[in-house]
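Atoms within a ligand are numbered from 1 in the order they appear, just like the ligands themselves. Here, residue 1 is the first one in the sequence, and each next residue gets the next number. Small disclaimer: the values here were computed from a predicted structure and weren't measured.
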Amino acid sequence: MADVAEEAARLDAGFVRRWLSITATDIDQEADRLTQLDSAIGDADHGANLRRGFTAVRAALADGAASTPGGVLILAGRTLVSTVGGASGPLYGTLLRSTGKALGDAERITDEQLAEALRAGVEAVARLGGAAAGDKTMLDTLLPAVAALPGYEAARQAAVDGAESTVPLRARKGRASYLGDRSIGHLDPGAASSVLLLAALAEAAGEAAREAGQHG
Ligand code: ADP
Ligand code: MG
């Protein structure tokens, strides 16, 4: 029984570092596209905001200070809050920090535990921003994605579909809401960046599963 439990709890701090590192790389590559999306219905800084934030996250995690999945997420979230000026900094920072807090100080966690913790993190984002599904925000990506976990590929696909669903919506939260009906017909930048976070999670999970298969 102990062996089974240990096998299931296979996600460690290194896994979370890898997830956030892939996210940082993808944000860096997609920053111009994210800023373009924000130029249509915002103030053209979303890509630059997240690039600055995730570059700082990568640097903060490089010294290996955090040694648990929860600790890595809390450090990353705190770093985003302190380096990103826009709305997305506190929102993504809260997502990671609240997810990390929900994980406690376990050294290794299961896919189920990560899924539960991410749902708590997304709830914290909804509370902080006062937004709900259909308001044309990052939540339109995050809510269906975390509902599909622990299926990582299903979550990635739900994220893609959720982001796409923001196009016909009228923004009810954030800067884009100032545009009223003129926000209709555009992809929400935060919904687009949340896809990168979920795609990176699926990629890191795929790598971890392949490694477990090789060594197990
Ligand atoms: P700012 O709007 O301050 O310039 P960013 O451009 O970095 O910040 O981020 C904009 C994104 O933040 C939006 O596309 C949206 O997805 C998200 N967002 C803004 N306000 C909220 C909110 N109240 N709740 C959830 N997400 C929000
Ligand atoms: Mg902006």
Side-chain angles (χ1 to χ4, degrees), residues 20 23-58 73 76-99 102 117-147 155-156 158-201:
L20 297 176
T23 305
T25 301
D26 293 352
I27 293 274
D28 192 54
Q29 276 168 10
E30 299 287 318
D32 291 347
R33 182 176 67 89
L34 295 174
T35 285
Q36 261 171 30
L37 292 173
D38 197 30
S39 79
I41 57 170
D43 58 352
D45 65 356
H46 189 58
N49 282 344
L50 290 189
R51 179 185 264 158
R52 183 168 62 251
F54 275 91
T55 299
V57 165
R58 205 200 276 282
L73 285 164
R78 209 187 294 144
T79 303
L80 285 182
V81 172
S82 65
T83 55
V84 180
S88 60
L91 291 164
Y92 277 123
T94 293
L95 172 63
L96 298 187
R97 226 168 33 175
S98 299
T99 301
L118 275 165
R119 284 177 202 128
V122 171
E123 271 172 36
V125 172
R127 272 199 305 278
L128 176 67
D135 285 349
K136 196 179 181 99
T137 71
M138 59 176 68
L139 286 171
D140 290 313
T141 297
L142 294 172
L143 285 166
V146 297
R156 191 191 60 79
V160 169
D161 296 343
E164 200 54 40
S165 80
T166 65
V167 173
L169 295 175
R170 179 179 185 280
R172 285 193 290 247
K173 290 287 169 188
R175 255 175 224 287
S177 66
Y178 309 154
L179 293 178
D181 284 346
R182 281 183 294 134
S183 66
I184 292 171
H186 300 278
L187 182 61
D188 177 66
S193 58
S194 286
V195 172
L196 300 179
L197 189 69
L198 269 297
L201 178 61

Say you draw a straight line from [atom1] of [X] to [atom2] of [Y]; how long is it, rounded to the nearest 0.5 Å?
| X | Y | atom1 | atom2 | answer |
| --- | --- | --- | --- | --- |
| Leu20 | Phe54 | CG | CZ | 6.5 Å |
| Lys136 | Ile184 | NZ | CD1 | 7.5 Å |
| Asp45 | Ser88 | CG | OG | 7.0 Å |

For [atom], closest protein heavy-atom neighbour:
| atom | result |
| --- | --- |
| atom 13 (C) of ligand 1 | Asp188 OD1, 3.5 Å |
| atom 7 (O) of ligand 1 | Ser88 OG, 2.6 Å |
| atom 21 (C) of ligand 1 | Leu91 CD1, 3.6 Å |
| atom 3 (O) of ligand 1 | Ala87 N, 2.8 Å |
| atom 4 (O) of ligand 1 | Asp43 OD1, 2.9 Å |
| atom 24 (N) of ligand 1 | Ala131 CB, 3.5 Å |
| atom 12 (O) of ligand 1 | Met138 CE, 4.0 Å |
| atom 23 (N) of ligand 1 | Gly129 O, 2.9 Å |

Atoms of ligand 1 close to [X] [distance to a heavy atom under 4.0 angstrom, numbered from 1]:
| X | answer |
| --- | --- |
| Asp45 | 4 (O), 5 (P), 6 (O) |
| Thr137 | 16 (O), 25 (C), 26 (N), 27 (C) |
| Gly174 | 19 (C), 20 (N) |
| Gly86 | 3 (O), 8 (O) |
| Gly190 | 13 (C), 14 (O), 16 (O) |

Do [X] and [Y] make a side-chain contact, defined as non-hydrogen atoms from C-beta onward lying under 4.5 Å apart?
| X | Y | answer |
| --- | --- | --- |
| Val160 | Thr141 | no |
| Arg175 | Asp43 | yes |
| Leu80 | Leu96 | yes |
| Pro189 | Ile41 | yes |
| Arg170 | Asp181 | yes |

With respect to atom 2 (O) of ligand 1, which of Lys173, Arg172, His46, Arg175 exhibits the smallest heavy-atom separation?
Arg175
By atom name, which N, O or S atom belonging to [X] lies closest to the Mg ion (ligand 2)?
| X | value |
| --- | --- |
| Asp45 | OD1 |
| Asp43 | OD1 |
| Asp38 | OD2 |

Output yes when Asp135 and Lys173 qualify as a salt bridge under the 4.0 Å nitrogen-oxygen rule, no when they do not.
no
Within a radius of less than 6.0 Å around CD of Glu164, do more than 12 heavy atoms belonging to other residues, nucleotides or ligands occur?
no
So for Pro189, does at least one of its heavy atoms come nearer than 4.0 angstrom to any atom of ligand 1?
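True for this residue.
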Examine the side chains of Ser183 and Tyr178 and answer whether a donor and an acceptor come within less than 3.5 Å of each other.
no
Just by distance, no angles: are the side chains of Arg58 and Thr25 close enough, under 3.5 Å, to form a donor-acceptor pair?
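Checked: Arg58/Thr25 side chains pair up, N/O donor to acceptor below 3.5 Å.
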For ligand 1, is any non-hydrogen atom under 4.0 Å from Asp38's backbone (N, CA, C, O), its side chain (CB onward), both, or neither?
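It is the side chain that gets close, since no backbone atom is under 4.0 Å.
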